[in-house]
Amino acid sequence: MATFLYRVGKFAFRRKGIVLALWLAILVLAGVGAATLSGPTANSFNIPGTPAQEALDLQSERFGNAEDPLTAVSAQYVFKAPDGETLDTPAYTAAIDATIADIDQIADVDAAAKPGGAQPLANPVAGNTAIVEQYSSLAEQDGTPADTAAANAAALSPLSPNGNIGTLEVPLSVELADVTEDLRTSLDEAAQPARDAGLTVELGGSVAQDASPPGGTSELVGLAVAAVVLLIMFGSAAAASLPLITAIVGIGISSLAITTASGFADLSTFTPILAIMIGLAVAIDYSLFILARYRHELTLTDDREEAVGRSVGTAGSAVVFAGATVLIALVALRVVGIPFLSQMGYAAGFAVFVAVLIALTFLPALLGVFKGKAFGGKIKFVNTTDPEDPNAAPTNGLRWARALVKRPAIGLIGGVVLLAVIAGPTTGLSLALPSIATSDPSTSVRKAYDLVDEGFGPGRNGPLLVIADASAAPEADRTAGFGKVIESIYEEDDVVNAQIVAVNPAGDTAQILVTPNSSPNSDATKDLVANLRAAEPGFAETDGVSYGVTGQTALELDVSERLQDALVPYLAVVVGLAFVLLMVVFRSILVPLTATLGFLLSVLATFGATVFIFQEGGLGLISNPQPIVSFMPIFLIGVVFGLAMDYQVFLVSRMREEFVHGTPAKDAVVNGFKYGARVVTSAAVIMISVFAAFMAEPDSFIKSIGFALAAAVFFDAFVVRMVIIPSVMALLGDKAWWLPKWLDKILPDVDIEGAKLQKATPKS
């Protein structure tokens with residue numbers, strides 16, 4: 001490995017024009033593809049094969065017009081009269097009618113809702129009257145008790161029981177991906193007549209949610225902080241610019257390629273931004289590691305080409321294996337069987353792959369262009385002493401390593417206890433998918449949601465839909481079978497209303513709308529879904545009626561459950577593959593084992609800190625505490641594992657390099673730490689800054705994942721890798737590098753330390 005990469009580095013340095021031209025051509029092609037082939041992204045989190053999705057599929061099959069509630073386009077106006085007043089006041093009714101007239105003028109409103117259409121928009125007061133009359137008429141025809149008919153009418157009424165709040169559902173003729181800011185503005189401005197009359201009007205529904213991809217300024221903030229750290233690290237403006245240039249080119253290629261891919265696959269809105277977040281951080285770090293090694297090699301030789309070759313051969317080998325661990329963790333998300341999560345893993349993995357290739361080839365080519373000016377633009381007041389210079393004064397890293405090796409038990413116990421305490425809140429972890437219920441309370445869409453909760457009860461925002469299939473029952477018994485299902489639903493404590501809202505032409509399938517008493521994300525609603533599903537086998541056996549529970553709430557619950565169930569098998573795959581990879585790198589069993597255990601500590605501490613801040617509202621940093629996004633834990637595990645192994649490889653590979661070259665085990669720990677501490681510290685600070693910058697994004701998931709990744713890097717780099725691991729290595733001594741002889745023969749020798757480069761300089 002080291003010999004091959006040595007040749008790659010020298011080739012890129014020597015043929016800099018070809019290498020740079022090739023990468024720039026790829027960048028241009030990616031840009032052309034993004035401009036001409038890209039498609040829209042969407043916030044769709046459905047998973048094929050879940051009970052809710054199967055029920056939705058049955059609805060589509062039997063009724064032919066079913067929409068996925070997670071991707072359906074909806075616009076909802078919520079009107080509220082001043083306290084103590086009602087919407088049936090003539091002035092308010094006229095104002096709402098004026099608003100409806102303005103809505104009718106919007107081109108993207110479905111024609112059926114316009115004057116002369118099949119179902120023109122109606123004032124909430126008039127709509128309530130029509131529903132009450134319809135249900136009263138039906139009750140007279142089929143003998144439904146008056147109180148039941150009144151309850152069913154109230155469950156669908158657009159007017160709250162006290163008449164103070166009303167809703168208006170506006171069908172749109174556009175796809176969610178085609179919703180523009182101009183359309184949102186038009187819909188909002190249409191409510192002005194009602195607002196002028198003194199009504200509170202909020203625009204809700206999926207159309208009111210901003211689906212534009214987050215990002216932009218966050219990347220710039222991360223780059224700015226990285227620039228400062230690199231200036232301090234190298235004391236040179238030229239050297240500081242090199243990792244930034246490689247990162248910008250690398251992330252440009254990967255982000256444009258992912259944008260191009262959106263024209264061929266349905267990508268989540270989060271997919272590109274997560275890829276950029278991770279790709280940007282690792283791109284800077286990987287180039288930093290190689291550049292730092294290049295600076296050291298220049299103290300040993302005046303031949304810049306040789307120095308580049310040795311830098312890529314040694315530090316580049318660590319970059320390859322560090323990148324490989326990240327790739328394993330990200331691509332392994334495929335085993336979970338969740339499409340949108342697999343896409344996130346593929347996209348982020350691609351960004352990491354590009355970052356590795358850029359660091360191994362583009363950076364050496366840039367060094368060939370800069371030549372002797374690579375460390376030009378010196379900053380006089382910055383200490384740039386090479387920590388590997390034997391004549392240099394002791395560094396802080398050296399002092400810290402000596403202290404840890406002298407009393408390793410203190411470092412080990414202290415680090416473990418600290419992370420264990422921070423991990424405490426993890427026991428209260430609660431998961432939910434991003435939804436209107438978890439959006440910023442200051443937004444109109446959330447205010448509309450809260451008004452519906454206030455006027456109609458929390459269950460109105462998350463009704464369940466039961467699709468009852470009686471095709472296996474005798475035709476004469478089907479109606480009775482549907483009735484028994486409704487009776488069973490009413491036996492649940494958390495049900496406000498259950499009624500048939502549609503029966504297909506064949507009469508063998510019914511849609512039963514169930515209004516819970518609790519909010520969509522509440523435990524009571526989750527229990528209601530579970531109880532309804534648990535009762536289904538009995539109906540299928542005794543009455544020939546089977547059913548499924550769907551709707552947005554049920555779909556989200558199924559996604560969350562599938563994600564939680566996937567955690568253990570995912571961990572097994574990732575940890576197992578990475579453990580083998582680390583055995584190859586370090587030729588040891590105990591080093592990979594301690595690395596993995598350290599990772600688990602940092603992940604638990606990260607979960608604890610994230611729950612404390614974002615779910616419990618700790619320290620008052622978040623104004624809108626809410627459950628953690630369902631797919632964050634599994635995605636975080638994958639990313640953090642990869643990044644944790646990055647620092648393990650970069651720091652401990654230097655220790656092994658010293659040990660392989662004959663240094664006693666404890667001294668190898670001290671020397672390896674001294675050589676790698678400054679670089680790893682700088683890399684960790686850069687990565688923390690890049691991730692933390694995304695906390696400025698308005699989206700709650702991006703905000704929380706930015707915090708979580710930043711916290712994970714902090715815990716892993718500064719507590720696990722710089723306190724716990726050196727302490728463990730000192731306690732183990734020579735045993736840390738023990739490997740059974742039979743296993744030593746089986747494992748390939750990848751020479752990550754560049755031992756072969758020490759023996760001879762290969763011809764290139």
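What you see is a predicted model; the values in this text were computed from it and never measured.
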Looking only at non-hydrogen atoms, find the nearest pair between [X] and [Y] and report the distance.
X	Y	result
A237	L231	CA-CD2, 3.7 Å
A374	S236	O-OG, 4.0 Å
A307	S311	O-OG, 2.7 Å
P748	V584	O-CG1, 3.8 Å
R304	F13	CB-CZ, 3.8 Å

Candidate pair L291 and F375, rule side chain to side chain contact (heavy atoms under 4.5 Å, CB included), full reasoning
CA-CA 10 Å; L291 187 60; F375 294 95; 4.0 Å; yes
Side-chain contact test, heavy atoms from C-beta onward, threshold under 4.5 Å: evaluate it for [X] versus [Y] and give yes or no.
X	Y	result
L230	P243	yes
Y294	V312	no
S430	I628	no

Verify side chain to side chain contact (heavy atoms under 4.5 Å, CB included) between L604 and L419, making sure each step is shown before the conclusion.
CA-CA 8 Å; L604 289 173; L419 294 181; over 6 Å; no
Kindly check if the number of other-residue, nucleotide or ligand heavy atoms within 6.0 Å of CZ (F718) is above 12?
yes
Sorted by chain and number, sequence neighbours left out, side-chain hydrogen bond (donor to acceptor under 3.5 Å, both in side chains) with T246 holds for S287
Write out all pairs satisfying salt bridge (charged side-chain N to carboxylate O under 4.0 Å, His left out) with one or both partners inside residues 417-427, taking only residues at least two apart or from two chains.
none
Those residues that, when tested against D716, pass salt bridge (Lys or Arg N to Asp or Glu O under 4.0 Å) (two or more places apart):
R721
Residues two or more places apart in sequence or in another chain: which of them pass salt bridge (Lys or Arg N to Asp or Glu O under 4.0 Å) with D744?
R587
For residues 349-367, which side-chain donor-acceptor pairs fall under 3.5 Å, sequence neighbours excluded?
residue	atom	partner	partner atom	Å
T361	OG1	W23	NE1	2.9
T361	OG1	L357	O	2.6

Can you pull out every side chain to side chain donor-acceptor pair (under 3.5 Å) where at least one residue sits in residues 604-622? Sequence neighbours excluded, please.
none
Euclidean distance, L743 CG relative to L747 CG, rounded to 0.5 Å:
4.0 Å
